[in-house]
Undergrad: 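Structure in structure tokens, see below.
Indexing begins at 1, ligand by ligand and atom by atom, following the structure's order.
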Amino acid sequence: MSNTPKLIAIDGPAAAGKGTLAKRLAAHFDLQLLDTGLLYRGVARKVLDAGVEVADNPEAYAKIAGETARGLVAADLEVDGLRTDETAQAASRVSAVPEVRAALLAFQRDFADTPPYDGKGAVLDGRDIGTVVCPDAPVKLFITASTEVRAKRRLKELQDRGVEAIYAGVLEDMQQRDARDQGRDASPLVPAEDSFLLDTSDLDADQAFTSALEFIASREPFG
Ligand code: DC
């Protein structure tokens with residue numbers, strides 16, 4: 001049997017279909033799943049609750065965000081309110097702070113090296129998993145879709161949850177978040193060179209899953 005860890009790194013922008021695919025792959029291969037966006041959302045929630053505004057004082061903000069990230073524990077990720085758009089926007093801001101990224105790196109690498117609950121391996125999804133967190137992962141997927149398709153998906157998701165939203169507002173939020181996630185200096189969102197690019201603009205969840213499985217079947221130790 002191969003000693004290569006069963007590790008799947010999934011990156012891509014918001015609402016491209018990463019989360020759904022990550023869940024399905026983790027269940028299919030019996031791997032532990034870490035949605036790393038929740039870590040950044042957890043830090044963001046605490047910073048928001050503390051009433052700190054980045055515009056007030058960027059340095060104080062970075063310091064508090066970095067300290068919060070160091071103190072983050074798993075229980076912080078179970079609180080309500082991490083899935084809101086307010087938290088998403090704030091997460092996109094705190095995640096540009098290098099101290100925050102550094103503070104969360106060890107937690108993510110530990111999870112990948114020794115997944116909890118006797119896992120056989122792990123699936124991590126985020127923005128910099130294939131490039132920074134797990135650069136040696138045997139499988140790297142970069143999931144994307146056009147901004148318009150992603151905004152429509154997000155709008156439907158919000159409406160299904162009973163949240164009032166309009167397309168133009170969702171699209172603008174998405175564009176702002178993309179620009180910040182891709183344009184920051186610290187671990188910007190870019191595909192790893194050796195990643196499999198999957199554009200889900202014209203695919204449903206089943207087709208995306210099938211396509212990812214075909215690629216994974218070509219990689220050790222999965223093939
Ligand atoms: O995946 P998500 O929408 O929950 O992520 C929220 C924000 O967190 C995202 O806009 C950027 C940041 N993030 C990051 O910088 N690196 C990651 N690995 C995961 C998320």
Undergrad: Have Ser95 and Arg184 got a donor and an acceptor in their side chains that come within less than 3.5 Å?
TA: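 A donor-acceptor contact under 3.5 Å links the two side chains.
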
Undergrad: Is it the case that atom CG in Asp185 sees more than 12 heavy atoms from other parts of the structure closer than 6.0 Å?
TA: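 Open.
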
Undergrad: Can you confirm whether more than 12 heavy atoms, excluding those of Asp160, are under 6.0 Å from its CG atom?
TA: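 Check passes, neighbour count above 12.
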
Undergrad: May I ask you to identify, for Arg184, whether its side chain, its backbone, both or neither come under 4.0 Å of ligand 1 on a heavy-atom basis?
TA: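 Near ligand 1, Arg184 shows its side chain, while the N, CA, C and O stay back.
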
Undergrad: In the protein, which heavy atom is nearest to atom 1 (O) of ligand 1, and how far is it?
TA: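 The closest one turns out to be Arg127 NH1, 2.9 Å.
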
Undergrad: Can you confirm, on distance only, whether ligand 1 has an N/O atom lying under 3.5 Å from any N/O atom belonging to Asp128?
TA: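 So ligand 1 has an N or O lying under 3.5 Å from an N or O of Asp128.
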
Undergrad: Answer yes or no: does an N/O atom from Asp125 fall short of 3.5 Å to an N/O atom of ligand 1?
TA: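 Among all N and O atoms of Asp125, none is under 3.5 Å from an N or O of ligand 1.
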
Undergrad: Any idea which protein heavy atom is nearest atom 12 (C) of ligand 1, and the distance to it?
TA: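 For atom 12 (C) of ligand 1, the nearest protein heavy atom comes out as Ser95 OG, 3.5 Å.
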
Undergrad: Can you pull out the closest protein heavy atom to atom 7 (C) of ligand 1? Residue, atom name and distance to 0.1 Å, please.
TA: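 Of the protein heavy atoms, Ala91 CB, 3.6 Å lies nearest.
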
Undergrad: Work out which heavy atom in Ala16 is nearest to a heavy atom in Arg153; give both atom names and the distance.
TA: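 Reported closest heavy-atom pair: O-NH1, 3.3 Å.
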
Undergrad: Could you go step by step and tell me if Leu198 and Leu203 meet the side chain to side chain contact (heavy atoms under 4.5 Å, CB included) rule?
TA: CA-CA 10 Å; Leu198 184 57; Leu203 303 182; 3.9 Å; yes

Undergrad: Ion pair present between Lys152 and Glu148, side-chain N to carboxylate O less than 4.0 angstrom?
TA: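 No.
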
Undergrad: In plain terms, say whether Arg24 and Asp206 are close enough for a salt bridge, that is, a side-chain N and a carboxylate O under 4.0 Å apart.
TA: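 Salt bridge between Arg24 and Asp206, a charged N being under 4.0 Å from a carboxylate O: yes.
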
Undergrad: Nearest to atom 6 (C) of ligand 1, what protein heavy atom do you find, and at what distance?
TA: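 Closest protein heavy atom to atom 6 (C) of ligand 1: Arg177 NH1, 3.4 Å.
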
Undergrad: Strictly below 4.0 Å, N to O, side chains only: are Arg45 and Glu86 in salt-bridge contact?
TA: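 Looking at Arg45 and Glu86, the cut-off is met.
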
Undergrad: So which heavy atom in the protein is nearest atom 19 (C) of ligand 1, and how far is it from that ligand atom?
TA: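 Scanning the protein heavy atoms, the shortest distance from atom 19 (C) of ligand 1 goes to Thr36 OG1, 3.4 Å.
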
Undergrad: At a non-hydrogen distance cut-off of under 4.0 Å, which region of Arg101 contacts ligand 1 (side chain, backbone, both, or neither)?
TA: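 Just the side chain.
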
Undergrad: Among all protein heavy atoms in this structure, tell me which lies nearest to atom 8 (O) of ligand 1, with the distance rounded to 0.1 Å.
TA: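 The answer is Tyr40 CB, 3.6 Å.
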
Undergrad: For atom 4 (O) of ligand 1, what is the nearest protein heavy atom, given as residue, atom name and distance?
TA: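 That would be Arg41 NE, 2.6 Å.
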
